[in-house]
Amino acid sequence: MPDRAPQPVDRQLPTDEARDLISLVRDIAQREIAPKAAEEEDAGRFPREVFTLLSESGLLGLPYDSEYGGGEQPYEVYLQVLEELAAVRLTVGLGVSVHTLASYALATYGSKQQQVEHLPAMLGGGLLGAYCLSEPASGSDAASLRTKAVRDGDDWVITGTKAWITHGGIADFYTVMARTGEDGPRGISAFLVPADAAGLGAAAPEKKMGMKGSPTAQVHFDGVRVGDERRIGEEGQGFAIALSALDSGRLGIAACAIGVAQAALDEAVTYATERRQFGKPIADFQGLRFMLADMATQIEAGRALYLAAARLRDAGRPFAKEAAMAKLHCTDTAMKVTTDAVQILGGYGYTADFPAERYMREAKVLQIVEGTNQIQRMVIARHLAGPEGR
């Protein structure tokens, strides 16, 4: 081992409980996730048993009410848990973020009866969720979605196709946005759909450049019938619910991005202090030292940015602009840092014998999911200069 091996991130946590929580997460990550991460990603294997363990450990409902099995942790703490998980395996960190996103609508907008009936299983009962907003023809323009939910007595009949769904085909429940009224954002409602509903199916998972262990698939709704008691919020409120969920979800993506970037930096530091050329460690060359310094600085800036946004959220203050900024900066940082890590490892960085190339492939998707970084710039600009075309 090098004399200056990377150390765990020194976190500023608000309580002793939070510090114990991070210790638990690090223990699970090193014992249960890290040893098989590279092999399982290469094989495209989803670690369902890890998510079962996370659920049993109380880690799938951290930001939600303890009354329903949640951890009742502030976002400031929950996001740092995501970062720790993503640093070991993005499939797991992002999977927890997506599950939290899928649970958001019911936990925030559901009726008391709905929450009592469904949340305990969703937050601590071993279930895994998926979030269904995007469609083949409506990605960034989510308000143009065409999946329909038609009223039939006390039921709704849902027909359409959702695309790019993380956990598509393996989730136990789907939070689905469907059109129940007029065109545009005001005609969309939210539904909680069980995976075993008749008429619900999934296509084969997409073949992706990274995150091969996390299934992403189209989900088809062929006359799927759900009772009105599974409609979340009011009719026509679905798009507002979706946007509210994405504000929080973007913070999850930001935290995952910093986790991947931190892992890449740690790999680069370890390699640079061990690898010798011209009679000394390559970490002694100024050009490379400056690369490492820049990588570390951008990671710390990203961590501070997502935590600042999280603290606004925890205080009940508006945070949509800051969430977009965090998602933008942290994912761009992850892409730059992982690219630099591959460069530092040289030819070895381009091989699957080292994890740097996997980090680089995984970082790319984080600039795309839950609103591309071009969309984040639009969101930020609207807060600064008002909506376009006024």
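Just so it is clear, the structure is predicted and the values come from calculations on it, not from any experiment.
- Annotation: E49, atom CD; neighbour count of heavy atoms from other residues, nucleotides and ligands within 6.0 Å is above 12.
- In the model, Q115 has no side-chain atom that pairs as donor or acceptor with a side-chain atom of E67 under 3.5 Å.
- Residues passing the salt bridge (charged side-chain N to carboxylate O under 4.0 Å, His left out) test with D314, sequence neighbours excluded: none.
- Applying the side chain to side chain contact (heavy atoms under 4.5 Å, CB included) criterion to A326, with sequence neighbours excluded, gives L251, A254, L305, Y306.
- Between R186 and E182 there is no salt bridge, since no side-chain nitrogen of the basic residue lies less than 4.0 Å from a carboxylate oxygen of the acidic one.
- Taking each heavy atom of C256 and L90 in turn, the nearest pair found is CB-CD1, 3.8 Å.
- The six-membered or imidazole ring of F51 lies near that of F46, with a centre-to-centre distance under 6.0 Å.
- Taking the charged nitrogens against the carboxylate oxygens, D284 and R276 have no contact shorter than 4.0 Å, which rules out a salt bridge.
- More than 12 heavy atoms of other residues, nucleotides or ligands lie within 6.0 Å of CG in D141, so this atom counts as buried by the packing criterion.
- Partners of R311 by salt bridge (charged side-chain N to carboxylate O under 4.0 Å, His left out), not counting sequence neighbours, listed by chain and number: E76.
- Residues K208 and T216 have side chains that bring a donor and an acceptor to within less than 3.5 angstrom of each other.
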Give the table of side-chain donor-acceptor pairs shorter than 3.5 Å for residues 259-267, with sequence neighbours excluded, one pair per line with atom names and distance.
from: Q262; atom 1: OE1; to: R303; atom 2: NH2; distance (Å): 3.0
from: Q262; atom 1: NE2; to: D266; atom 2: OD1; distance (Å): 3.1

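- With sequence neighbours excluded, the residues that form a side chain to side chain contact (heavy atoms under 4.5 Å, CB included) with A268 are L292, M295, A341, I344.
- Judged by the 6.0 Å and 45° rule, R313 forms a cation-pi pair with Y75.
- With sequence neighbours excluded, the residues satisfying salt bridge (charged side-chain N to carboxylate O under 4.0 Å, His left out) with R358 are E362.
- If you look at H167 and F173, their ring centroids are not closer than 6.0 Å.
- Between R45 and E39 there is no salt bridge, since none of the side-chain N atoms of the basic residue sits less than 4.0 Å from a carboxylate O of the acidic one.
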